[in-house]
Amino acid sequence: MADYLAHTPEEVASMLAFLGLTSLDELFMHIAPAVRLAAGNELPTGRSEPDVAQDFARYGRANRATGGSLVCFAGGGAYDHEVPAVVRSLASRSEFVTAYTPYQPEVAQGVLQALFEYQTLVSRLSGLPIANASLYDGATALVEGLNLAAAATGRSTMVISSGVHPHWRSVVRTFARGTGHRVVEVPLVDGVSDWSTVDVDQAAAVVVAYPNYLGVIEEMDVAARHAKDLGALFVVAGDPVAAGVLRTAGQWGADVFVGEGQAFGTALSFGGPYLGLFAVAREHVRRLPGRIVGETVDTNGRRAFVTTLRAREQDIRREKATSNVCTNQTLMAITAAIQLGWLGTDGLRQVGIASATGAHALFEALGDVAGVEPLTRAPFLREFAIRLARPADEVIAAMANDGVLAGLAVSSLTGGADGSIDGDASRVLLVAVTERRTSEELDQYVESMRKAVR
Amino acid sequence: MADYLAHTPEEVASMLAFLGLTSLDELFMHIAPAVRLAAGNELPTGRSEPDVAQDFARYGRANRATGGSLVCFAGGGAYDHEVPAVVRSLASRSEFVTAYTPYQPEVAQGVLQALFEYQTLVSRLSGLPIANASLYDGATALVEGLNLAAAATGRSTMVISSGVHPHWRSVVRTFARGTGHRVVEVPLVDGVSDWSTVDVDQAAAVVVAYPNYLGVIEEMDVAARHAKDLGALFVVAGDPVAAGVLRTAGQWGADVFVGEGQAFGTALSFGGPYLGLFAVAREHVRRLPGRIVGETVDTNGRRAFVTTLRAREQDIRREKATSNVCTNQTLMAITAAIQLGWLGTDGLRQVGIASATGAHALFEALGDVAGVEPLTRAPFLREFAIRLARPADEVIAAMANDGVLAGLAVSSLTGGADGSIDGDASRVLLVAVTERRTSEELDQYVESMRKAVR
Amino acid sequence: MAKAQPGGRAASIPLMGHEVEPTMFELSVRGRSAAQFRTTGIEPRALDTMVPAHHLNPEPVITADLAERDLVGHVTRLTHRQFSVDLGAYPLGSCTMKYNPKFCDAIAADPGLSSVHPGAPASLSQGWLALLATLEQRLCALTGMAAATLQPAAGAAGELTGLLLMRAYHEARGEVRTRVIIPDSAHGTNPASVTLGGYEVTTVASNERGLVDLDALRAALGPDVAGIMLTNPNTVGLFEEQITEIAAAVHDVGGLLYYDGANLNAIVGVVRPGDMGFDIVHMNLHKTFATPHGGGGPGAGPVAVSSRLADFLPGPKATRVEDHYEWVSPVRSIGRVHGWHGNALVLARALAYIEVHGADGLARVAQHAVLNANWLRRRLAAILPAAYDRPCMHECVLSATALKSTYGVRALDVAKALMDEGFHAPTVYFPLIVDEALMFEPTETESPQTLEALASALESIVERASNDPASLHAAPEHTPVSRVDEARAARTLIATEDAASR
Amino acid sequence: MAKAQPGGRAASIPLMGHEVEPTMFELSVRGRSAAQFRTTGIEPRALDTMVPAHHLNPEPVITADLAERDLVGHVTRLTHRQFSVDLGAYPLGSCTMKYNPKFCDAIAADPGLSSVHPGAPASLSQGWLALLATLEQRLCALTGMAAATLQPAAGAAGELTGLLLMRAYHEARGEVRTRVIIPDSAHGTNPASVTLGGYEVTTVASNERGLVDLDALRAALGPDVAGIMLTNPNTVGLFEEQITEIAAAVHDVGGLLYYDGANLNAIVGVVRPGDMGFDIVHMNLHKTFATPHGGGGPGAGPVAVSSRLADFLPGPKATRVEDHYEWVSPVRSIGRVHGWHGNALVLARALAYIEVHGADGLARVAQHAVLNANWLRRRLAAILPAAYDRPCMHECVLSATALKSTYGVRALDVAKALMDEGFHAPTVYFPLIVDEALMFEPTETESPQTLEALASALESIVERASNDPASLHAAPEHTPVSRVDEARAARTLIATEDAASR
Ligand SMILES: Cc1ncc(COP(=O)(O)O)c(C=O)c1O
Ligand SMILES: Cc1ncc(COP(=O)(O)O)c(C=O)c1O
């Protein structure tokens, strides 16, 4: 019975009368009866907000949320970083939340300026001069990066390290069905991309993840050289949190940077809405997918912001557009800008250092646990993979009973055999540590693992 | 270590230099050393927000909150009414939350207009023409009502029904220590005020609660007549939720209305911040305690609102002021106005009717439970008292284990013998039902009571 | 109509001050910081003992260094420079800017939903899987489809997903089809998606009634046609009355019908795409189902399909297996189209909205959306004629051609002037087939009083067009900035603070 | 000082539109409603079967009937007509309008605290009792006192509570004392509270240094004096340097010293009222401890006392008893001063603030508050001289006497003009002992850049006073309404919509 309408029955009647009608149904009379719903659909009838709230409370209770009762060591592209109340409160201001895409700049300076600030931050994190105003998520940002590379080079072969997140590679393969791109996946050896196996002459893009999804800090100069050799654009799928400490993609010579921005102020959210980061070298600006905000002036000469280079976009270029993205993830982009403003230069660095410190401490402590072996000795930042004496999903289930989300089973990401792991992927566990994990929690992890793995 | 300061060390140094100083301590040098803290106080050093959040999560877990795990049948002046997300979200807009008292009307029209709307609503609910912009809570509003009555009549005897909430009566007695008022409490017989016992010739105020704290709908014409006979102001301590169905205080001839406004949009909040409602007949406007917002115009003739009749207030009248109240409960008043806008005329009525319906259903169902007797057969609205075969606090403890907050032990309110109850108050339980209680929850209550009371 | 003030006009006036807001970089002072972290108790380590030195950035990436107080001030002030549905009517055609219930925000804020890791095993996230499976079922019931994917993050992502499903379907049948038909009135995302789906676009012109020209369509059809993309009602707000004939014609050549659900608000609960003959439907949950648009996203664009396409859907999907839920991939799935499971919290909001309304409430949504649009169209007929003078659905496309030729006042001028009156502008210059188009979609949540105020404001603007056209070229005046120089922004791109030369 | 833009200027400019906002009653249409309730499944009953007919109101009380969308629009627009700390600097003297951390709001929103019934037995609310007991301990440590009550809902309530404690103390000793001394600079709540406490006010004049005149005080003292109320620093922002002498003099006649803690921000963590000799201290948690002021409340005004007064405190109090907490009333308690336990959620916010800062952080608060005020005082010395030309504490009282006599520009005009510059006005015409007083309290959370911007704005206003004084009389212009006719409001009181004649 519930709805959010204003109209009283009298008002409806008077509006209908103005139209020469006597019932709401008549508004649909020009639609063939065969096509109009007669019996109604299979939906239940409406219920009040507090009634519906009870369903959702039940859904919530049927999940094991991280926080109080489940300490999160899972990562794999979704991280439990600090999100302070101040960021949540600012990012949920209704002027941001209930606005549309800023089509009328005169009344959208709030969103436009926030996006300009976001673009500046993404540009700095990526080390590349131009960033867009967001894409859906890291995975789809990578697809857009490949499409850009194809357009820029006129080629269609994509050389992708298997260190790129398995889901992202799956998304790339899905969209390649439409674009016809050929996707060549480069295996990892001991967690590191082995470019030597690639049997390709030329390519549109060479893609490497930094760090890769197993946490390993790849050798970027090797990847960059490989891209150069193939005449390909060098596409870096970078963890933006690492930018607090590691060299930027731009410093490694990237043409395109793509990344997942969830770590900046967005809750785990069961995987979405997240934030696709995207930045390019200057020469690719006219092929940039999505929206871009630029600075200009108003008729009084005051600084103002506006969505610009619209000529690239699909509403004007239609079938020749560089991308079909229209709605993006503005609110998450604004959230990220606010979170980065909260973190500041030192805070961003601190997140990287503290996460790495915790990850290395845990990695070492697990060295003493029988039944746990490192997957590789390659350098890592805040995430690492271990090989267990038991299937990873069993260990995860057992440790959840101790209040620990132990990590992600790599086989749950790869869905089976994959170039990123030699041997039995089902025993490989991916473990992430953020700046939120304490020494006691690490101890709790080790204790729980000791019991679970035997 | 945490704070919310902006100053960098360099900035502090340069500001100090501007003042001819070299250290922050020098700012306090004109204070005698004996008086300055040398060793520090016994406070722990600062910790970060997330560290402190853990303490508070512990406090929260050490409470049994109503909601999920504890169905609330407790009332006694604090009710579990529906507070929708929309009201919470609007009332927490930072422009309201972080503003001061509206001293500069040109930049405070938001708060001022909201208070004007609140005053209008309180005036309508009370049936009296003038309402103020809020007082601390119902109890202290009653004290202000008595002070007004004393000033208006030049008398100091206060005749107060014992049906007024025991805590409110306690507060009245406390403040009477300063004003020197004589407080005469009128006993209840079978839950109804027995005015016949009052041995007073003339009084400043006659106070009755409507319904009274035991839930009983008192006979207002009797009380009003009594007030008239004593030449006293007729002060009604009214439940504003009842105003959806019962006659207003004004309709019963009240001179002063006081009430607790928590039921309109404020969570149980462990008792505060709540909202003191206050309205008066026109002749008392110059004695109105607290602030009042009036309509006026700006220099362009546009409607504007402003705090008015300031000449009554303590910043001008000083020791001759009608009241010392300065900071009040504006945010709760704004919340109440929003909640009443959400409820609408029919919704307000609906709350009254649905609460009464649930209360009567439960009252009847308890009629079958051995060991439970009604305290009185007098009419009630949404709250009633029962006499149990066991001490009420034991029953409450037992029923809490079943997930039911059974009500309030009357003796916990009265703190011992009290004119409102004949006989053993420790076995009397006060039970409240709001529109949020479902049929299943009533059944759950009855079942749990059956077990607990035997 | 009751005499009451309009609830949907942002008549709020200047708060104070007169300057633009500095950027966070201009507010920044190195050495300040707002961040506070947990005390971990973990022994500190030097970075270079953990990471090989050549990976370390010798210079920190500078973000912006602000005290929390200044961050809050900055962002709060930015919000005071931003129009939103919560401030007033937003009749932006094709965008369905209805009121977004705060209830749905509260649902999405529940840590039981928002703090769940997407990679946790299904056994630890049964609530989420149940929620997603329920939403899938509701969306299928509303569209008359058999199964759906919830992964696409927005409408355009849904379109591309739908086209890939179309492709997978034909390929599975061993058919090579190369063309997809779209009407000339289509939204720009449609042709762009067709290209990305690996198809060629064949555009069919609309007829003089604003509808698909059935003869032209028949002429364009052939065995190489994979399908057609339509929105119904179409982008001029009119229902394609010959939809059954269109469907038959496309199906006859073995093509599929794709429904762009951006306009579903007109028919939700009243007409189902499946019953019209569509095979693939995407929905913009940020339109019909009132999940807030967030200043440009996030949205969600689930795609529902008829049974013959169900096996191709992206996976994995939350699937009921006996007494619990599991992640199951359809047997011939095209694969993932999102890094995880879609914009989950947006999906939760939409389900909450659907459950509150139910079948009855959603039908009322469509009815009142159509009522409001028709009322507005008729009310404005004398001053801004509809491009096609017929009953419309949930939006109406008006034309400022006469204003332009008579007074030199363009659709854009009308739009800008409307903002001075406290309303957001309508969509302008879309669809492309209408000259000087002004596309109004009032949505069902605006009251009759608000519609009347909007109409009066437009009347006064049209009146000004004859008296004082220059004032309309100069509009808006009462906005945070006056008309913005868009050409300059494109000419010298300044997309970051670092590019800004100041 | 770093060259950066000021973070504390509300330079936001007009959003749009130009009309005042209708009231919710003007927006109301009978028959509309936003309310949604739980389905209870309880059999409906007719009201008159439950309640005797003569109690039933034959007419419903009309509130306002709005669709949720219009309610949201209305309230959101009202917030766009309201200045707040979150929008810009709010240097309102005596009010300590510092930044209110959002963290504390989040603490108060936790259902584990906010959904607890105040009458539930202590066994079900141990968390709350622990929290309150901890706060009491912290406040005692900060003030140098032995025990405290958390019940008073605001500063003035704390004052009256303190005076009743003073009375109870003397009465318990069998002494009849009738007078309480307050300086002429005192805040208006002090004399009002004294009267309500049943005492007579004796006012002592301040000396030419703005401090209590010790000789005048000594002259006023006698055996009938119950005590003295002071705030230190006092309301002109100066520290009573002779406080030890004052305390000795009052104690010598058997009187008590009451500390009005509204100005505690100046000394928190650095100087303790107890160490100065005070016996009773109230604190405004909505000032020093940053609980937001809510547009006029709620606040909280706990009162801490030395050990000889502890037994009189209001009760019951949360008290540790072995391993748990109970409600215990002090043996000679004056009784309750609040319907329940005080403004509990405000108390929780304050404790969160205290815990984050700790001893060290709170001392920094005081230091920086005093630094900012002194910097501003000095920076403005040439244009707006301080009433007392000495180092101040956390606020400074300047005087516009010269402006007034030279150009006819009053303190009020300066205050109104400042709002056009994006800052809130200072407190004006308080304390009463300073002519044309402008009382600036920048607080510690404003940055040096914001202070400089504030000072520059004042410079330009003072400059305008000489060039164009009329423009200052006409200020403010860039605010939602221009200068408001206060006299008219008082002349014909229109306090409700129903009294409004329109
Ligand atoms: C008709 C139509 N189709 C498709 C889209 C694309 O949807 P989205 O912006 O969610 O990608 C839109 C949105 O503007 C639209 O109006
Ligand atoms: C010096 C002084 N004392 C007392 C008070 C009264 O405090 P409250 O407004 O909380 O009642 C104030 C507040 O304005 C004040 O500034």
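Every chain is numbered from 1 and lettered A, B, ... according to where its sequence line falls, protein lines coming before strand lines.
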is_close_aromatic(D:F83, D:Y90), centroid dist under 6.0 Å: yes
Chain B: which of [options] shares the most heavy-atom pairs with it under 4.5 Å?
{"options": "D:P292, D:G112, D:A64, D:S115", "result": "D:S115"}
{"options": "D:G358, D:G335, D:P298", "result": "D:P298"}
{"options": "D:A415, D:G342, D:P391, D:S123", "result": "D:G342"}
{"options": "D:L196, D:L164, D:N100, D:V370", "result": "D:L196"}
{"options": "D:G198, D:G339, D:A474", "result": "D:G339"}
{"options": "D:V346, D:I354, D:L56, D:D275", "result": "D:L56"}

Can you tell me which portion of [X] sits under 4.5 Å from chain B's heavy atoms? Options are side chain, backbone, both or neither.
{"X": "D:V194", "value": "neither"}
{"X": "D:E68", "value": "side chain"}
{"X": "D:L124", "value": "both"}
{"X": "D:D110", "value": "side chain"}
{"X": "D:R378", "value": "both"}
{"X": "D:I107", "value": "side chain"}
{"X": "D:T39", "value": "backbone"}
{"X": "D:M97", "value": "side chain"}
{"X": "D:P44", "value": "backbone"}
{"X": "D:L362", "value": "side chain"}
{"X": "D:P121", "value": "side chain"}
{"X": "D:K98", "value": "neither"}
{"X": "D:L345", "value": "both"}
{"X": "D:R30", "value": "side chain"}

At a heavy-atom separation under 4.5 Å, does [X] approach chain D through its side chain, its backbone, both, or neither?
{"X": "B:A78", "value": "both"}
{"X": "B:L348", "value": "side chain"}
{"X": "B:R61", "value": "neither"}
{"X": "B:S323", "value": "backbone"}
{"X": "B:S94", "value": "both"}
{"X": "B:I292", "value": "side chain"}
{"X": "B:R93", "value": "side chain"}
{"X": "B:V293", "value": "backbone"}
{"X": "B:Q251", "value": "side chain"}
{"X": "B:P84", "value": "neither"}
{"X": "B:E313", "value": "neither"}
{"X": "B:Y4", "value": "both"}
{"X": "B:L246", "value": "both"}
{"X": "B:I338", "value": "both"}

Any residue meeting side-chain hydrogen bond (donor to acceptor under 3.5 Å, both in side chains) with B:Q119, in chain and number order, not counting sequence neighbours: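 Partners of B:Q119 under the side-chain hydrogen bond (donor to acceptor under 3.5 Å, both in side chains) test: none.
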Selection residues 35-44 of chain D - residue pairs positive for salt bridge (charged side-chain N to carboxylate O under 4.0 Å, His left out), sequence neighbours left out: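 Sorted result for residues 35-44 of chain D: B:E441-D:R38.
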For chain D, find which of [options] contributes the most heavy-atom pairs closer than 4.5 angstrom.
{"options": "B:A361, B:A114, B:S412, B:A62", "value": "B:A62"}
{"options": "B:R173, B:H30, B:R317", "value": "B:H30"}
{"options": "B:G347, B:G138, B:G358, B:S134", "value": "B:G347"}

Test log, rule ring pair (Phe, Tyr, Trp, His ring centres under 6.0 Å), inputs D:H338 and B:Y136: CA-CA 8 Å; D:H338 186 271; B:Y136 305 138; 8.1 Å; no
Please tell me whether [X] and [Y] have a donor and an acceptor in their side chains that are separated by less than 3.5 angstrom.
{"X": "B:T345", "Y": "D:D65", "result": "yes"}
{"X": "D:S193", "Y": "B:N324", "result": "yes"}
{"X": "D:T189", "Y": "B:Q314", "result": "no"}
{"X": "D:D86", "Y": "D:S84", "result": "no"}

Indicate the ring-plane relationship of [X] and [Y], choosing parallel, tilted or perpendicular according to the 30° and 60° boundaries.
{"X": "D:H187", "Y": "D:F430", "result": "perpendicular"}
{"X": "B:W168", "Y": "B:H165", "result": "parallel"}
{"X": "D:H117", "Y": "D:W340", "result": "perpendicular"}

State, with a plain yes or no, whether a side-chain heavy atom of [X] is found less than 4.5 Å away from one of [Y].
{"X": "B:E117", "Y": "B:Q113", "answer": "yes"}
{"X": "D:L142", "Y": "B:L43", "answer": "yes"}
{"X": "B:E260", "Y": "B:D137", "answer": "yes"}

Inter-residue atom distance B:L340.CG - D:I62.CD1, 0.5 Å rounding: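 Interatomic distance, B:L340 CG to D:I62 CD1, rounded to 0.5 Å: 12.5 Å.
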Point-to-point distance, once rounded to the nearest 0.5 Å, from OG1 of D:T76 to CD of B:E95: 9.0 Å
Chi angles and distances behind the side chain to side chain donor-acceptor pair (under 3.5 Å) call for B:N63, D:S125: CA-CA 4 Å; B:N63 294 322; D:S125 25; 5.2 Å; no
Side chain to side chain donor-acceptor pair (under 3.5 Å) assessment of D:E21 paired with D:H74: CA-CA 7 Å; D:E21 173 64 18; D:H74 172 60; 2.8 Å; yes
Atom of D:N343, atom of B:Y274 and distance for their closest heavy-atom approach: OD1-N, 4.1 Å
From CA spacing to verdict: side-chain contact (heavy atoms from CB on, under 4.5 Å), B:V12, D:L371: CA-CA 8 Å; B:V12 169; D:L371 176 66; 4.2 Å; yes
D:R336 to B:F175, cation-pi by 6.0 Å centre distance and 45° axis angle: no
